[in-house]
Asker: 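Structure provided below as structure tokens; questions to follow.
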Amino acid sequence: MKITDALLAEHVVFHTLFDHIETSISGLKTLGEIRVMADLLESMLVQHSKSEDELLMNYLDDSIEQMGHRETFHEEHELIEKHLSAVRSARGIKLARKLLGDAVVGARKHFDKEERLIFPLAERVISYHNIMKLGQNWLEKKAS
Ligand SMILES: [Fe+2]
Ligand SMILES: [Fe+2]
């Protein structure tokens, strides 16, 4: 499997999770419930971003730089995590709910950019041999 197909399959799971958070957010009545949701999303996103950073980015740094996306791409992973940890430290329920909603919107934008620009770029610039090898590395990481 190509690494881009593996990451896209993960995106499908995230889109379902984003939908679920957005539809249930107004029904979350306590800070505890909102934090549990933010923690779940954060722990899943950390694993996903790590796979992208470790497996894909080394092959794409030069091309992304030429496209002017290098800074933003690396920063976006950190920014999404920052937004989610802000949910944890929010004291009021309204603010926590808003921050969680904002974090989901930000994550959606980032995912959209990857699907439109980054993954197609990866398929253009990484050789077939390497893109399959990276997919194999992804599988091995998942199994370990
Ligand atoms: Fe990402
Ligand atoms: Fe992604």
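Since the model is a prediction, treat every value here as computed from it, not as a measurement.
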Asker: Should Ile80 and Leu117 be counted in the same cluster of Ile, Leu, Val, Met, Phe, Trp and Tyr side chains packed under 4.5 Å apart?
Answerer: no

Asker: To the nearest 0.5 Å, how far apart are CD1 in Ile34 and CG in Leu28?
Answerer: 5.5 Å

Asker: If you round to the nearest 0.5 Å, how far is CG of Leu55 from CG of Asn130?
Answerer: 12.0 Å

Asker: Flag yes if Val104 and Val46 sit in one hydrophobic cluster, no otherwise; membership is Ile, Leu, Val, Met, Phe, Trp, Tyr, and two members link when side-chain heavy atoms are under 4.5 Å apart.
Answerer: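 Cluster IDs for Val104 and Val46 differ.
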
Asker: Hey, what do you get for CD1 (Ile118) to CD (Glu123), rounding to the nearest 0.5 Å?
Answerer: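 So the CD1 of Ile118 and the CD of Glu123 are separated by 12.5 Å.
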
Asker: Set out, in order, the CA-CA distance, both residues' side-chain angles and the distance that settles side chain to side chain donor-acceptor pair (under 3.5 Å) for Glu115 and His110, then state yes or no.
Answerer: CA-CA 9 Å; Glu115 289 165 21; His110 171 77; over 6 Å; no

Asker: Under a 4.5 Å cut-off applied to non-hydrogen side-chain atoms, are Met37 and Val87 in contact?
Answerer: no

Asker: Say you draw a straight line from CG of Leu100 to CD of Glu33; how long is it, rounded to the nearest 0.5 Å?
Answerer: 12.0 Å

Asker: To the nearest 0.5 Å, how far apart are OG in Ser51 and CG in Leu56?
Answerer: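 Nearest 0.5 Å value for the OG-CG distance: 10.0 Å.
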
Asker: Salt bridge or not between Glu76 and Lys113? Use side-chain N to carboxylate O under 4.0 Å.
Answerer: yes

Asker: Does Met44 reach the side chain of Leu17, with side-chain heavy atoms less than 4.5 Å apart?
Answerer: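 Sidechains of Leu17 and Met44: in contact.
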
Asker: Between Arg108 and Glu22, does at least one N-O distance fall below 4.0 Å, as a salt bridge requires?
Answerer: yes

Asker: Near Lys82 NZ, under 6.0 Å, is it more than 12 heavy atoms from other residues, nucleotides or ligands?
Answerer: no

Asker: Would you say the side-chain atoms of Glu42 pair up with the backbone N or O of Ala38, donor to acceptor, closer than 3.5 Å?
Answerer: no

Asker: For Leu99 versus Ala86, what's the shortest heavy-atom pair and its separation?
Answerer: CD1-O, 3.7 Å

Asker: Same cluster or not: are Leu45 and Val36 linked, directly or through other Ile, Leu, Val, Met, Phe, Trp or Tyr residues, by side-chain heavy atoms under 4.5 angstrom apart?
Answerer: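 Unlinked, Leu45 and Val36 end up in two clusters.
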
Asker: So Ile131 and Tyr59, side chain to side chain contact (heavy atoms under 4.5 Å, CB included) or not? Walk me through it.
Answerer: CA-CA 10 Å; Ile131 212 164; Tyr59 287 82; over 6 Å; no

Asker: Could you tell me which non-hydrogen atom of Ala122 sits nearest to which non-hydrogen atom of Leu60, and how far apart they are?
Answerer: CA-CD2, 3.7 Å

Asker: Under 4.0 Å between a side-chain nitrogen and a carboxylate oxygen: does that hold for Asp112 and Arg116?
Answerer: yes

Asker: Sequence neighbours left out, what passes ring-ring contact (aromatic ring centres under 6.0 Å, His included) with Phe111? Give chain and number order.
Answerer: His11, Phe14, Phe18, His48

Asker: If I take atom OG from residue Ser24 and atom CG from residue Asp19, how far apart are they, to the nearest 0.5 angstrom?
Answerer: 10.5 Å

Asker: Does this structure show an ion pair linking Arg97 with Asp102, if we count only N-O contacts that are shorter than 4.0 Å?
Answerer: no

Asker: Answer whether the closest heavy-atom distance between the side chains of Phe119 and Leu7 falls below 4.5 Å.
Answerer: yes

Asker: Pairing donors with acceptors under 3.5 angstrom, does anything connect the side chains of Glu10 and Trp138?
Answerer: yes

Asker: Are Leu41 and Val105 grouped together when hydrophobic residues (ILVMFWY) are joined by side-chain heavy atoms under 4.5 angstrom apart?
Answerer: no

Asker: Could you state whether Val13 and Ile3 fall into the same hydrophobic cluster, counting links through intermediate Ile, Leu, Val, Met, Phe, Trp or Tyr residues with side-chain heavy atoms under 4.5 angstrom apart?
Answerer: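 Looking at the clustering, Ile3 is in a separate group from Val13.
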
Asker: Using side-chain heavy atoms (C-beta onward) and a distance below 4.5 Å, is Lys50 in contact with Lys141?
Answerer: no

Asker: Kindly state each residue pair satisfying ring-ring contact (aromatic ring centres under 6.0 Å, His included) with at least one member in residues 82-109, sequence neighbours excluded.
Answerer: none

Asker: With the side chain counted from C-beta on, respond yes when Glu114 and Glu52 share a heavy-atom pair under 4.5 Å apart, and no when they do not.
Answerer: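 Result yes, sub-4.5 Å side-chain heavy-atom pair found.
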
Asker: Decide yes or no for Ile126 and Lys2: does some side-chain heavy atom of the first lie under 4.5 Å from some side-chain heavy atom of the second?
Answerer: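 Ile126 does not reach Lys2 side chain to side chain.
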
